[in-house]
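Shown next, in structure tokens, is the structure this report addresses.
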Amino acid sequence: GGGHRSRSRSRSRDRRRSRSRGRQGFPVRVKKEDESSDGKPSKVKVEDRAPRSWDPSKPLLPKLAERQDSDWAQLPVLEYRKTIVDMVKNNQVIVLTGETGSGKTTQIPQYLAAECGWTGRIGVTQPRRVAAVSVARRVAEEVDCECGEDVGYAIRFEDVTSPLTAIKYLTDGIMLRECLGDRFMKDYSVVMLDEAHERSLHTDVLFALMKEVCKNRPEFRLLVCSATLNTTKFSDYFFNCPMIDIPGRTFPVEIQHIDCQRYVDKVMELVDHLHAEQPPQHHILVFLTGEDEINRACQGIHRRIIQRQADGEEVCAMRICPLHASLPVEFYQRVFDEPPEGTRKLVVATNIAETSITVPGIKFVIDCGAVKQKIFNAESGMESLNIVPVSKPAAKQRSGRAGRTGPGVCIRLYSEKKMMKEFPEETMAEILRTNLSSTILILKGMEIDDPVNFDYMDPPDADKIVSGLRMLYLLGAIDADGKMTKVGRDMALFPLEPSLSRMLLASILHKCADEMVTVVAMLAVDGANVFYRPTMKEEQLVATAARQRFYDPEGDYAGLLRLYKEWEEAGGMRRGLAWCKTNYVHSRAMCRAFDVREQLIGIMNRYEMPVMQATRQSLVGRAIAESLFMNAARRGGKDTYETLSEGRMVSIYPGSLICPFGKDDWAELVVCLEMVWTSTGQMRFVCTANAKWIMDLLPKINTVDIRRLCGDQIKIKKKGADVGSADQRAEEAAQKEIKKGDKDVSDAKSRFLERKRMREEKLAQMK
DNA sequence: CTCTCCCT
């Protein structure tokens, strides 16, 4: 799929969800029938139409049953229509493999709706929001209905479905949340898990949940769709189900391998060469691993073209488009637009162009063969970003991008031998690489208590599961025996990481939820990255100065709060764009934070959790410190810290907004949201803590009994935390804080505030 | 002295 991220059209979805709770104490989504599905008045009023009388003897969408063969979209999959329908009728699960362009995602649900009588919907999951929306719109057009009637979609913030909806496209994350309300998915007769080969975290969890549904509902049907390769693995996992392969419709791509050491340099050389030799309508797409490489390549290529022009050569114009997720939205459009006659388009992208964004008119693909991958290390509790070889299917996917509109060429910057030997056969499933606390909490929410013996297609390492359980225990979501607590149940209500849910709940007790919900919303949209870094060196200085206005010794939360408030005062959702530009802040991130904030407040209102404004800001800091005490660290050297739990040396993430009160006057004790391993351990989202706030909580770190947490399900080789030391380190930190004296700190604080006031006055005078 | 990419 391709296209743009669409802005959400409605932000009040939560209001119309039912207040009732399901059996397990979780919300059941019930939409009132008198309301349109997308928040706007729909052209066909739902109440004017007879409610669907689900009749197993009649097709799900009778109007499709009248279609002639020539009425169907002429795609490769059409040839298999009867075969597929028969297979689904006769088998509970089938695995479908099909390359891009086969039409399986759009056509198969229609085939089933035309011929099969069922009592529930057909649900089709997608790993990406844009794909769910664009596919649903296209299918609605083919079915000749308004999107939200016979065909609809559901993504976060946008539920464009009605009780009539027979074919529903949804993100895998939404499907997982729906499972939390009803484990047996009784709303659906058929579920199709699309893009299964991508092995996204949510799809992997759904694999196991859908197997359970199959065992409990004989009439239920499951389709698992994957690009080719490794399909027997899917079939083996799904009860040895039958498989079918559908050919795609793409153009041939010629593959060339060039072995090289420094691929960024090679990219510059190759693009320069192609640009001189090839006609300008042959556009080029380059895959690199990150922003740095992309900027370097773009600048190098630009220099070479200038050089050729200076040498008096006749070279055509080139439009150079860097493409990665942290670019502001305006840049994306340049990627889709066809440049003027005689101008070549060059797109230098991360793997965002592998699946999420389809660039039209590409003749040449240059693939560096590497990708940045986030890996969670359970032993250190840190995650890191590593550059690793792409998988063989991913390399194929990249080369395929050259054959969308005509025959193409893919130049791979690695030898064939290296590919065969070093590239993995499949992309490592996300569930094997990620922090599992969130997943385990969802499972516990479904009364699946044993995350160790869960039916994973690829079981994660035991130490990762243990690490997730330990985190949940320290957050108070589960008790010492691994049973979900009241706090855990409340945490699972929020579409957030467990640590963020915990902060929100803590803020309710400290009567500062109005502030915390802003902080949490900012963090939920990649809070560390709301600032935009320009490419040009001089501009970077301006950007840094703009960011410094939000520095605050209390911690990142205080800076983020000021940032959000300023944005709102500057016009927020509707008129905040100019403010974002001058402050080098991502407008996209801010708007998303607004949406998340609204959604969270909606949930809190529904469960009658008081959203109060803090009488003083430090209450927010206290709620954060109490939630994240397991990530506390005391000051070690000048600006280094030592974790209380394990005595590990860490530093503050350079993009943090925390700052010392005075020169060198760094906080003695801090907590952070997460630790990231780069060249050193780094704390992200840092908050100043008072030793008194967390003293009583710290001993809990040493009470973790892994065997009990797992319900004796696991053989543990890992030793517990260094017993006793956490308390001792905390005690020392507290002593140091006391010795330093409250007076010194408060003096420094008032000096800081005075300086800040002066700066702001000066700024106000300038305006 | 830092930022692959998705998603509730």
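Letters go in sequence order (proteins before strands), and every chain restarts at 1. All values below were derived from every heavy atom in this structure, side-chain atoms included, with hydrogens, water molecules and symmetry-related copies excluded.
- Heavy atoms of A/I387 sit nowhere under 4.0 angstrom from any nucleic acid atom.
- Distances shorter than 4.0 Å separate some side-chain N or O of A/T350 from OP1 or OP2 on B/dC5.
- Rounded to an integer number of Å, the gap from CE of A/M675 to P of B/dT2 is 18 Å.
- Note: CZ (A/R588) to P (B/dC5) measures 10 Å, nearest angstrom.
- Between A/L493 atom CG and B/dT8 atom P there is a gap of 18 Å when expressed in whole angstrom units.
- Residues forming a ring-ring contact (aromatic ring centres under 6.0 Å, His included) with A/Y551 (at least two apart in sequence, or on another chain): none.
- Where A/Q682 and A/T171 meet DNA chain B, the nucleotide closest to each residue was compared, and A/Q682 sits on the side nearer the 5' end.
- With no hydrogens or angles considered, a side-chain donor-acceptor pair links A/R597 and A/T518 at under 3.5 Å.
- If you take NE2 of A/H324 and P of B/dC5, they are 8 Å apart, rounded to a whole angstrom.
- For A/D194, the salt bridge (charged side-chain N to carboxylate O under 4.0 Å, His left out) partners two or more places apart in sequence, or in a different chain, are A/K104.
- Under 4.0 angstrom from either OP1 or OP2 of B/dT8 there lies at least one side-chain N or O belonging to A/R129.
- Taking atom CG of A/L180 as the reference point, atom P of B/dT8 lies 15 Å away to the nearest angstrom.
- Looking at heavy-atom distances under 4.0 Å, A/Q373 makes no contact with the nucleic acid at all.
- Comparing B/dC1, B/dT8, B/dC6 by their nearest atom to the side chain of A/I352 picks out B/dC6.
- At a cut-off of 3.5 Å, with distance as the only test, no side-chain donor of A/D159 or A/Y153 sits close to an acceptor on the other residue.
- Residue A/L385 is classed as a base contact, given a heavy-atom separation below 4.0 Å to a base.
- Nucleic acid contact for A/R128: sugar-phosphate only, since backbone atoms but no base atoms lie under 4.0 Å from a heavy atom of the residue.
- Atoms CD (A/E158) and P (B/dT8) sit 10 Å apart, rounded to a whole Å.
- Applying the 4.0 Å criterion to OP1 and OP2 of B/dC5, one finds that A/T355 has every side-chain N and O outside that range.
- A/D458 and A/R199 are joined by a salt bridge, as a carboxylate oxygen and a charged side-chain nitrogen come within less than 4.0 angstrom of each other.
- Side-chain atoms of A/S356 lie closest to B/dC6 of the nucleotides B/dT4, B/dT2, B/dC6.
- Across all strands shown, A/S326 has no heavy atoms under 4.0 Å from either base or sugar-phosphate atoms.
- A donor-acceptor pair is defined here as one N or O able to donate and one able to accept, closer than 3.5 Å; no such pair exists between the side chain of A/N386 and the backbone of A/V388.
- Each of B/dC3, B/dC6, B/dT8 was ranked by its minimum atom distance to the side chain of A/R156; first place goes to B/dT8.
- Here B/dC3 presents its P atom at 16 Å from CG of A/L288, a figure rounded to the nearest Å.
- With rounding to whole Å, A/H202 atom NE2 is found 14 Å from B/dC6 atom P.
- Closest to the A/R547 side chain, of the nucleotides B/dT2, B/dT8, B/dC6, is B/dT2.
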